A.B. asks: 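Here's a structure for you.
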Amino acid sequence: ARQFFVGGNFKMNGTQKDLKAIVENLNNAQLDSNAEVVIAPPALYLDFVKQNLNKSTVEVAAQNVFNKPNGAFTGEISASQLQDLGIKWTILGHSERRNELGESDEFVASKTKYALDNGISVIWCCGESKDTRQAGETIKFVENQLAALAKQISESDWKNVVVAYEPIWAIGTGLVATKEQAQEVHAAIRSWLKQNVSDKVAQETRILYGGSVNAKNCKDLAKEEDIDGFLVGGASLKPEFVEIINSKQ
Ligand code: 13P
């Protein structure tokens, strides 16, 4: 069985004071010991969050990492710097970076490959816009994103990849995908992996849903066969994140 996984993407939010309160809330909470939890603060606070966290089931992730070793790359952070801080995860390919910063499918795939080759596990994000969904092209669009990734990573790389399906129209809008909408795309992702990578990768890869997940809607979504957890934005900054972590209990 796939271990339930909950990521918290803090995005560009939080001061030391805020982050300390968020971490203390997690430290003091009763968290489902079967759930793997990864929180992603802004890069500036990775070490601060790591130092303050004392829960063995909670790891810290970066929100981005570059595809080259250390060097003249102003503003970027390297996989070896994450290693230096004991950070074992990164998010890559979030729609905010794809759209606001122009990251292409190929660039995201190359960063994913570089991170994996350098010992960093990846929460790799995909998902369609409202226009793409209205045009009935959601699955085709997500399959193309997956194909760009599969082209650059090997079958054995997938064991360190968690896929996050995050429909753009659901992110930060309060408009959560229905469990049927999410399940349909998750099943399509799994079936694509089966046909294009391997049955083993399809069976073992965790597929998370992200987009307006909160304490109220998480339990129903978590019951769907192909929803193996969540990538949570806004609600990961709030005490209700604990209820989302515990949504399988
Ligand atoms: P919200 O949970 O705020 O909709 O954000 C989802 C997301 O983008 C997580 O990466």
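Because the structure is a prediction, the values reported are computed rather than measured. In listed order, ligands and their atoms are each counted from 1.
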A.B. asks: So, is Thr173 polar-close to ligand 1, with some N/O to N/O distance under 3.5 Å?
C.D. replies: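 No - when backbone and side-chain N and O of Thr173 are compared with those of ligand 1, no distance drops under 3.5 Å.
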A.B. asks: Considering non-hydrogen atoms of the protein only, which is the closest contact for atom 7 (C) of ligand 1, and what is the distance?
C.D. replies: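 Nearest protein contact, heavy atoms only, for atom 7 (C) of ligand 1 is Glu166 OE2, 3.2 Å.
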A.B. asks: Using the test side-chain contact (heavy atoms from CB on, under 4.5 Å), find all partners of Asp131 that sit at least two apart in sequence or belong to another chain.
C.D. replies: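 Once residues adjacent in sequence are excluded, the partners of Asp131 under the side-chain contact (heavy atoms from CB on, under 4.5 Å) criterion are Ser129, Gln134.
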A.B. asks: Taking the six-membered ring for Trp, is the centroid-to-centroid distance between Trp192 and Tyr165 below 6.0 Å?
C.D. replies: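 Ring centroids of Trp192 and Tyr165 are no less than 6.0 Å from each other.
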A.B. asks: Does the N or O separation between Asn9 and ligand 1 drop below 3.5 Å for any pair?
C.D. replies: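 Yes, at least one N or O pair falls under 3.5 Å.
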A.B. asks: Report whether Phe230 and Ile39 are members of the same hydrophobic cluster (ILVMFWY, side-chain heavy atoms less than 4.5 Å apart, transitive linking).
C.D. replies: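 Linked within one cluster.
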A.B. asks: Take every heavy atom of Ala170, measure it against each atom of ligand 1, and state whether any distance is under 4.0 Å.
C.D. replies: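 It does, in that a heavy atom of Ala170 comes within the 4.0 Å cut-off of ligand 1.
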A.B. asks: Below the 3.5 angstrom mark, is there an N/O of Ala235, backbone or side chain, next to an N/O of ligand 1?
C.D. replies: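 N/O-N/O distance under 3.5 Å: no.
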A.B. asks: Tell me, please, which residues at least two apart from Phe141 pass ring pair (Phe, Tyr, Trp, His ring centres under 6.0 Å).
C.D. replies: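 None.
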A.B. asks: Would you check the N or O atoms of Val232, main chain and side chain alike, for any that come under 3.5 Å of an N or O of ligand 1?
C.D. replies: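 N/O-N/O distance under 3.5 Å: no.
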A.B. asks: Hydrophobic clustering (ILVMFWY, side-chain heavy atoms < 4.5 Å, transitive) - are Val162 and Phe241 grouped together?
C.D. replies: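 Phe241 and Val162: separate clusters.
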A.B. asks: What protein heavy atom sits nearest atom 2 (O) of ligand 1, and how far off is it?
C.D. replies: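 The closest heavy atom on the protein side is Gly233 N, 2.8 Å.
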A.B. asks: Is any NZ, NE, NH1 or NH2 atom of the basic residue among Lys248 and Asp32 found under 4.0 Å from an Asp or Glu carboxylate oxygen of the other?
C.D. replies: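 Salt bridge absent between Lys248 and Asp32.
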A.B. asks: Looking at Ser212, which atoms of ligand 1 are within less than 4.0 Å of one of its heavy atoms?
C.D. replies: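 The atoms of ligand 1 under 4.0 Å from a heavy atom of Ser212 are 1 (P), 2 (O), 4 (O).
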A.B. asks: How far is atom 5 (O) of ligand 1 from its nearest protein heavy atom, and which residue and atom name does that atom have?
C.D. replies: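 The closest one turns out to be Lys11 NZ, 3.2 Å.
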